[in-house]
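Report on one structure; see the data block that follows.
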Amino acid sequence: MKIATWNVNSLKVRLPHLLDWLAATQVDVVCLQELKCEDKSFPLAEIEAAGYRAVFNGQKTYNGVAILSRSEITDVVRNIPGFDDEQRRIIAATVNGVRVVCGYFPNGQAVGSEKFEYKLRWLTALTDWLRAEMAVHAKLVLAGDYNVAPEDRDATPEWHDEIHVSVPEREAFRALLALGMTDAFRMFDQAEKSYSWWDYRMMAFRRNVGLRIDHLLVTDALKGEVKSCVIDKAPRKLERPSDHAPVIVELGG
DNA sequence: ATGCCACGAATATCGTGA
């Protein structure tokens, strides 16, 4: 089973890319972020025609997450239970016995800002909820745009802003690992300067000036099934791309 | 310091968020 995560930065604009990519990769499950569309505008017919079911948690203009799957989707949860939040950033569901949690983590804007404080509060709430979720679902994948580059090797040397690489954000990432999860990408040898996001400006993609902020964490019960984990840069090379590339983990056994 | 992009309000550009 292949599970992917992709921040599409507007599902409406990126739908042709997504449909082409689904046909090309044949992934079983895709977690999407930054839909930027309300549920009533979700392109369900096109996605179903491509052979996928979908559950989604959208809002106007900002945020919005979805899980697409070729097989049955059950036990859907929207948003972090008990965490009062207008922003649609979480959807979770079970597919083929695997709990899939799709998250669009807050950007945080700048260290010390109000949005940064919200990011840290949100991360704490997510961690507390996942502790409980993992107690019920041993096999769990946390997929999404974390807006955190966990280590120095995950950030281009040209990155001088603190946001995405600050100590509190990295501590929050490690707190997720400490629940009993592993970064699937780092289970394998990877090229140096492997990134999943590049700013649209300054020819950042061509110069490979980016960050690795899109991740797939797997619980210990799933770790033994992980066969590969790759960043697929192909969609980032197309006309009118998302600023993020999809990341794919392959589970077997 | 910044050049991009998507969106909505408004109807040309501009503010917001990323």
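Owing to the predicted nature of the structure, the values given are computational and were not obtained by experimental measurement. Sequence lines set the chain letters: A, B, ... in the order given, protein chains first and strands last, and positions in each chain run from 1.
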| task | Could you work out the complete set of other residues in the hydrophobic cluster of A/Met203, with links drawn between I, L, V, M, F, W and Y side chains under 4.5 Å apart? | result | none

| Which other residues end up in the same hydrophobic cluster as A/Tyr52, if Ile, Leu, Val, Met, Phe, Trp and Tyr are linked when side-chain heavy atoms come under 4.5 Å apart? | A/Trp6, A/Val8, A/Leu11, A/Leu15, A/Leu18, A/Leu19, A/Trp21, A/Leu22, A/Val27, A/Val30, A/Leu32, A/Leu35, A/Phe42, A/Leu44, A/Ile47, A/Phe56, A/Leu68, A/Val230, A/Ile248

| said: Test of understanding: with side-chain hydrogen bond (donor to acceptor under 3.5 Å, both in side chains), list the residues that count as partners of A/Arg236, not counting sequence neighbours. | reply: none

| task | Between A/Thr61 and A/Asp199, name the one whose nearest nucleotide on DNA chain B is closer to the 5' end. | result | A/Asp199

| If you find the nucleotide of DNA chain B closest to A/Leu11 and the one closest to A/Asp145, which residue's nucleotide is nearer the 5' end? | A/Leu11

Set of side-chain contact (heavy atoms from CB on, under 4.5 Å) partners for [X], sequence neighbours left out:
X	value
A/Pro168	A/Phe116, A/Leu120, A/Ser166
A/Asp28	A/Met1, A/Lys2, A/Arg70
A/Asn79	A/Asn57, A/Arg88

| When you compare B/dA18 with B/dG8, how far apart are their C1' atoms, in angstrom units rounded to a whole number? | 16 Å

| message | Quick check for you: among B/dC7, B/dG17, B/dA18, whose closest atom lies nearest to any side-chain atom of A/Tyr62? | response | B/dG17

| field | A/Asp214 and A/Trp197 side chains, donor-acceptor separation under 3.5 Å | value | no

For residues 179-188 of chain A, run the donor-acceptor check on the side chains, cut-off 3.5 Å, and write out each pair with its distance to 0.1 Å, sequence neighbours left out.
unit_1   : atom_1 : unit_2   : atom_2 : d
A/Asp183 : OD1    : A/Phe185 : N      : 3.2
A/Asp183 : OD2    : A/Arg212 : NH1    : 3.3
A/Asp183 : OD2    : A/Arg212 : NH2    : 2.8
A/Arg186 : NH2    : A/Asp154 : OD1    : 2.6

Dump every N/O contact between nucleotides 9-14 of chain B and the protein below 3.5 Å, one line per pair.
none

| field | Proximity to DNA chain B (any heavy atom under 4.0 Å), residues of residues 32-46 of chain A only | value | A/Glu34, A/Lys36

| remark: The ring-ring contact (aromatic ring centres under 6.0 Å, His included) partners of A/Tyr62 (sequence neighbours excluded) come to none

| said: For B/dC4 and A/Arg240 - does any side-chain N or O of the residue sit under 4.0 Å from the phosphate oxygens OP1/OP2? | reply: no

Can you name the atoms? Protein N/O to nucleotides 1-3 of chain B N/O, anything below 3.5 Å, with the distance.
none

| message | If I take atom NZ in residue A/Lys115 and atom P in nucleotide B/dT16, what distance separates them, rounded to the nearest angstrom? | response | 9 Å

| note | Sorted by chain and residue number, the salt bridge (Lys or Arg N to Asp or Glu O under 4.0 Å) partners of A/Arg78 (sequence neighbours excluded) come out as none

